[in-house]
Amino acid sequence: MASLTVPPVPTWPRQDAIDLHKAFRGFGCDSTTVISILAHRDAAQRAAIQQEYRAVFNQDLARRIASELSGNHKRAMLLWILDPATRDATILKQALTGDVTDLRAATEVVCSRTPSQLRVVRQAYRARFGCHVEHDVTERTSGDHQRLLLAYLAVPRAEGGPGEVVDPAAVALDARDLYRAGERRLGTDERAFIRVFSERSWAHMAAVARAYHHMYDRSLEQAVKSETSGNFGFGLLTVLRCADSPARYFARVLHKAMKGLGTSDSALIRVVVTRAEIDMQYIKAEYHRMYKRSLADAIHAETSGNYRTFLLSLVGRDRTY
């Protein structure tokens with residue numbers, strides 16, 4: 001369930017474009033108006049606003065935002081105004097080929113998306129950057145990590161929704177194969193892990209995890225942690241945890257981004273802007289259950305200014321500040 005709130009009566013995109021242009025004029029930027037508009041429009045509405053802005057003012061809205069805003073507020077807003085597939089593609093491109101590569105972020109995007117999402121992300125990546133995402137993955141990664149990402153991008157899988165019926169025999173066979181490839185032998189057969197994790201739906205993987213625990217009295221997550229490491233292990237854990245509960249997985253990512261000294265703003269921005277229109281309400285519920293604190297409270301404590309206001313507008317405030 002999305003946390004994004006939009007006006008009950010559809011707005012006129014041309015008027016939104018005009019109001020945004022007024023907010024940019026003069027000395028400084030009326031960020032309050034910019035946030036009140038863009039943080040409360042869905043993907044289709046944001047696309048229409050950008051079309052109208054270009055038609056009326058002969059300017060690209062993203063370029064104007066880049067010149068008017070700054071810091072994390074700008075980074076978050078520039079990602080937010082993109083359509084979901086192009087946003088994921090942009091995050092991937094920045095993570096793989098930016099000044100500072102972030103292979104964990106790239107792995108998260110690939111391994112936490114559904115097959116249908118990955119199909120359109122691959123198309124968006126090609127359209128926006130003129131190359132295949134597989135090329136950049138190959139250039140920037142290596143070994144089993146690379147093989148996992150390429151397999152996860154290429155292999156068709158069932159969507160794995162709640163209604164999917166899994167084959168108990170196939171589930172038990174996969175659990176056995178993973179045990180034999182890992183904990184039962186000296187060393188690890190990484191290719192067996194890649195095959196199972198990249199070819200099976202989330203519903204099937206969740207069933208495999210339950211079967212593994214029942215058959216060997218040990219969680220599959222523990223087995224992955226003990227048998228793999230680095231970005232490869234991180235990718236397998238991402239698949240496994242999203243198969244269990246995407247909301248719980250992203251609640252953990254957000255908590256890690258904000259705990260301790262300092263905040264990982266890149267992770268905070270990435271999760272908030274990519275999940276606000278998908279399942280942020282579920283993520284908020286999991287966050288509160290796991291950490292006994294509202295996500296809005298945590299964001300409020302770790303951010304400031306217009307950046308804070310924008311993120312809280314997407315997440316939704318759980319109390320009045």
Side-chain angles (χ1 to χ4, degrees), residues 1-25 28-54 57 59-88 90-91 250 254 257-258 263 265-285 287 294-321:
M1 182 186 298
S3 60
L4 180 69
T5 58
V6 298
V9 178
T11 57
W12 187 32
R14 174 156 295 192
Q15 187 60 53
D16 281 341
I18 292 170
D19 291 342
L20 285 169
H21 189 67
K22 290 178 181 177
F24 295 142
R25 290 168 57 185
C29 172
D30 180 3
S31 294
T32 300
T33 296
V34 175
I35 293 171
S36 69
I37 295 173
L38 292 177
H40 297 286
R41 303 294 186 270
D42 63 26
Q45 292 169 326
R46 296 193 305 273
I49 291 169
Q50 291 180 79
Q51 291 174 353
E52 290 293 342
Y53 197 91
R54 187 178 294 107
F57 303 108
Q59 288 182 312
D60 182 70
L61 180 58
R63 289 181 181 272
R64 191 61 190 266
I65 287 173
S67 68
E68 294 290 342
L69 306 184
S70 62
N72 289 320
H73 183 205
K74 178 173 78 173
R75 291 171 58 198
M77 187 66 81
L78 287 175
L79 283 175
W80 173 245
I81 65 173
L82 298 172
D83 67 88
T86 303
R87 184 193 301 131
D88 275 351
T90 300
I91 293 171
F250 285 110
L254 286 168
M258 292 185 284
T263 301
D265 290 293
S266 60
L268 178 59
I269 291 169
R270 183 175 68 249
V271 175
V272 170
V273 302
T274 59
R275 310 309 294 190
E277 291 180 277
I278 300 176
D279 56 359
M280 184 55 73
Q281 293 289 19
Y282 298 127
I283 294 170
K284 288 163 64 177
Y287 192 97
S294 78
L295 178 58
D297 282 349
I299 291 174
H300 188 272
E302 295 294 328
T303 59
S304 61
N306 293 318
Y307 173 47
R308 170 202 282 166
T309 302
F310 177 58
L311 292 186
L312 289 177
S313 296
L314 298 183
V315 169
R317 297 172 185 263
D318 293 340
R319 75 179 193 192
T320 302
Y321 293 101

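In this structure, the side chain of Glu277 engages the main chain of Ala43 through a donor-acceptor pair within 3.5 Å. Distance alone, capped at 3.5 Å, places no donor-acceptor pair between the Thr263 side chain and the Met258 backbone. With Asp60 contributing its side chain and Arg63 its backbone, the two residues share a donor-acceptor pair below 3.5 Å.
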Requested in this report: Start with the C-alpha distance between Leu20 and Val34, add both sets of side-chain angles, then the distance that settles side chain to side chain contact (heavy atoms under 4.5 Å, CB included), and finish with yes or no.
Outcome: CA-CA 6 Å; Leu20 285 169; Val34 175; 4.1 Å; yes
Requested in this report: Check the pair Ile49, Ile37 against side chain to side chain contact (heavy atoms under 4.5 Å, CB included), reporting the backbone distance first and the verdict last.
Outcome: CA-CA 10 Å; Ile49 291 169; Ile37 295 173; 4.2 Å; yes
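With Arg275 as reference, Ile278 is the one residue of Ile278, Val272, Val273 to meet the side-chain contact (heavy atoms from CB on, under 4.5 Å) rule.
The CG atom of Asn72 lies 12.0 Å from the CG atom of Asn306; values are rounded to the nearest 0.5 Å. One finds the CD1 atom of Ile299 at 9.0 Å from the NZ atom of Lys284 (value rounded to the nearest 0.5 Å). Atom CD in Gln281 sits 10.0 Å away from atom CD1 in Ile283 (nearest 0.5 Å). To the nearest 0.5 Å, atoms CD1 (Ile81) and CG (Leu61) are separated by 5.0 Å. From Ile35, atom CD1 reaches atom CE of Met77 across 5.5 Å, with rounding to the nearest 0.5 Å. Tyr287 OH to Leu254 CG: the interatomic distance, rounded to the nearest 0.5 Å, is 7.0 Å.
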Show me the donor-acceptor pairs within less than 3.5 Å that the side chains of residues 10-18 make with the rest of the protein, sequence neighbours left out.
from	atom 1	to	atom 2	distance (Å)
Thr11	OG1	Asp16	OD2	3.1
Thr11	OG1	Arg41	NE	3.2
Arg14	NE	Glu52	OE1	2.7
Arg14	NH2	Glu52	OE1	2.9
Gln15	NE2	Asp19	OD1	3.0
Asp16	OD1	Arg41	NH2	3.0
Asp16	OD2	Arg41	NE	2.8
Asp16	OD2	Arg41	NH2	3.4

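Among residues at least two apart or in separate chains, there is no salt bridge (Lys or Arg N to Asp or Glu O under 4.0 Å) pair with a member in residues 70-81.
At a threshold of 4.5 Å between non-hydrogen side-chain atoms, the residues Arg64 and Tyr53 count as touching. In this structure, the side chains of Tyr307 and Leu268 come closer than 4.5 Å at one or more pairs of heavy atoms. Between Thr90 and Leu78 the shortest side-chain heavy-atom distance does not fall below 4.5 Å.
The shortest non-hydrogen separation linking Arg87 to Leu82 is NH2-O, 3.2 Å. The two residues Tyr282 and Met1 come nearest to each other via the heavy atoms CE1-N, 2.6 Å. A pairwise comparison of heavy atoms in Val6 and Gln45 identifies CG1-OE1, 3.9 Å as the closest pair. Leu314 and Ser3 make their closest contact through O-OG, 2.6 Å (heavy atoms, listed as atom of the first residue, atom of the second, distance). The minimum heavy-atom distance between Phe24 and Glu68, with the atom names listed, is O-OE2, 3.3 Å. Nearest heavy atom pair, residue Ser313 against residue Ala39, reads CB-CB, 3.7 Å.
Ring pair Phe310/His73 is tilted by interplanar angle, where 30° to 60° counts as tilted.
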